[in-house]
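Below is one structure; the comments refer to it alone.
The basis for the numbers below is simple: all heavy atoms, side chains too, and nothing from hydrogens, waters or symmetry mates. The shown structure was predicted, so the numbers you read here are calculated from the model rather than taken from an experiment.
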Amino acid sequence: QVQLVESGGDSVRPGGALRVSCVVSGLTGADYVVGWFSQAPGKEREGRCSIGMRDGRVFCADSVRGRFTIFRDLAKNMVYLQMDDLKPEDTGLYYCAGIPSRAITDMENPLNLYEYTYWGQGTQVTVSS
């Protein structure tokens, strides 16, 4: 059974930093991609960054590139999203999600949320002064 569980959400001030974590079970050894998405109240869920668990290939959306970093720890089946220089518009519920690499239709932009199969429950990040 595939399961993703997020943790680490918190309230921070603008300009601050936060790291959220995702533990993945049920996909050990498989060729898949893990993505981080965020959803603000009343808005559509948006992709932030993704990482290939086998090849380590990283992609981040323009809105967070240079501020957010995604990395993995294969020994722990963990994927992290390090968020620096946070802005109020980064506020939202942060989800991690998994997809088999072969299911991605556009490798130049692997953050199509409608293609992702497995989802966690989310962790809340609030950026406010």
* Taking C-beta and beyond as the side chain, do Val20 and Glu6 meet within less than 4.5 Å on heavy atoms? -> no
* Asked: Does one hydrophobic cluster hold both Val58 and Val24, with members joined at side-chain heavy-atom distances below 4.5 Å?
  -> yes
* Common cluster, Tyr114/Tyr118, ILVMFWY with side-chain heavy-atom separation under 4.5 Å -> no
* Is it true that Ile70 and Leu86 fall in one hydrophobic cluster, defined by side-chain heavy atoms closer than 4.5 Å? -> yes
* Can you get from Tyr95 to Val64 by hopping between Ile, Leu, Val, Met, Phe, Trp and Tyr side chains that sit under 4.5 Å apart? -> no
* Does Leu27 reach the side chain of Met53, with side-chain heavy atoms less than 4.5 Å apart? -> no
* Separation between OG of Ser50 and CD1 of Ile104, rounded to the nearest 0.5 Å -> 6.5 Å
* Gln124 atom CD, neighbour heavy-atom count above 12 within 6.0 Å -> yes
* **Glu108 bridged to Arg57 by N-O distance under 4.0 Å** => yes
* Asked: Should Val79 and Val5 be counted in the same cluster of Ile, Leu, Val, Met, Phe, Trp and Tyr side chains packed under 4.5 Å apart?
  -> no
* Quick one: closest heavy-atom pair of Lys76 and Val23, and the distance? => O-CG2, 4.3 Å
* Between Asp90 and Lys87, does at least one N-O distance fall below 4.0 Å, as a salt bridge requires? -> no
* Asked: Which atoms form the tightest heavy-atom contact between Phe68 and Cys49, and what is the distance?
  -> CB-SG, 4.1 Å
* Structure fact -> Of all heavy-atom pairs linking Leu113 and Arg45, the shortest is CD2-O, 2.9 Å
* To do: Taking all heavy atoms of Gly9 and all of Thr123, pick out the closest pair and write down the distance.
  => N-OG1, 2.9 Å
* Positive for side chain to side chain contact (heavy atoms under 4.5 Å, CB included) with Ser11, one of Val125, Thr126, Leu18 -> Thr126
* **For the student: nearest non-hydrogen atoms of Gly98 and Leu4, plus distance** => N-CD2, 3.9 Å
* Between OG1 on residue Thr105 and CD on residue Glu115, distance to nearest 0.5 Å -> 3.5 Å
* What closest approach, in Å, do Leu111 and Trp36 show between heavy atoms, and which atom pair accounts for it? -> CD2-O, 4.4 Å
* To do: Would you give the length of the straight line joining atom CD1 of Ile51 to atom SG of Cys96, rounded to the nearest 0.5 angstrom?
  => 12.5 Å
* Arg102 vs Asp31 side-chain heavy atoms within contact, under 4.5 Å -> no
* Asked: Does any non-hydrogen side-chain atom of Asp106 lie less than 4.5 Å from one of Asn112?
  -> no
* To do: Mind checking the OG-OH spacing from Ser21 to Tyr80? Nearest 0.5 Å is all I need.
  => 5.5 Å
* To do: Report the C-alpha separation of Ser63 and Arg48 in whole Å, then their side-chain angles, then the decisive distance to 0.1 Å, and conclude whether the side-chain hydrogen bond (donor to acceptor under 3.5 Å, both in side chains) test is met.
  => CA-CA 8 Å; Ser63 58; Arg48 296 306 184 198; 3.0 Å; yes
* Working to the nearest 0.5 Å, report the span between CZ of Arg72 and CE of Met78. => 14.0 Å
* **Short side-chain to backbone donor-acceptor contact, Thr91 and Val127, under 3.5 Å** => yes
* Decide if the gap between the ring center of Tyr116 and the ring center of Phe37 is smaller than 6.0 angstrom. => yes
* When you measure from the side chain of Arg13 to the backbone N and O of Ser129, does any donor-acceptor pair fall under 3.5 Å? -> yes
* When rounded to the nearest 0.5 angstrom, what distance separates OH in Tyr32 from CZ in Arg54? -> 10.5 Å
* Spell out, as yes or no, whether a donor-acceptor pair under 3.5 Å connects the side chain of Arg65 to the backbone of Cys60. => yes
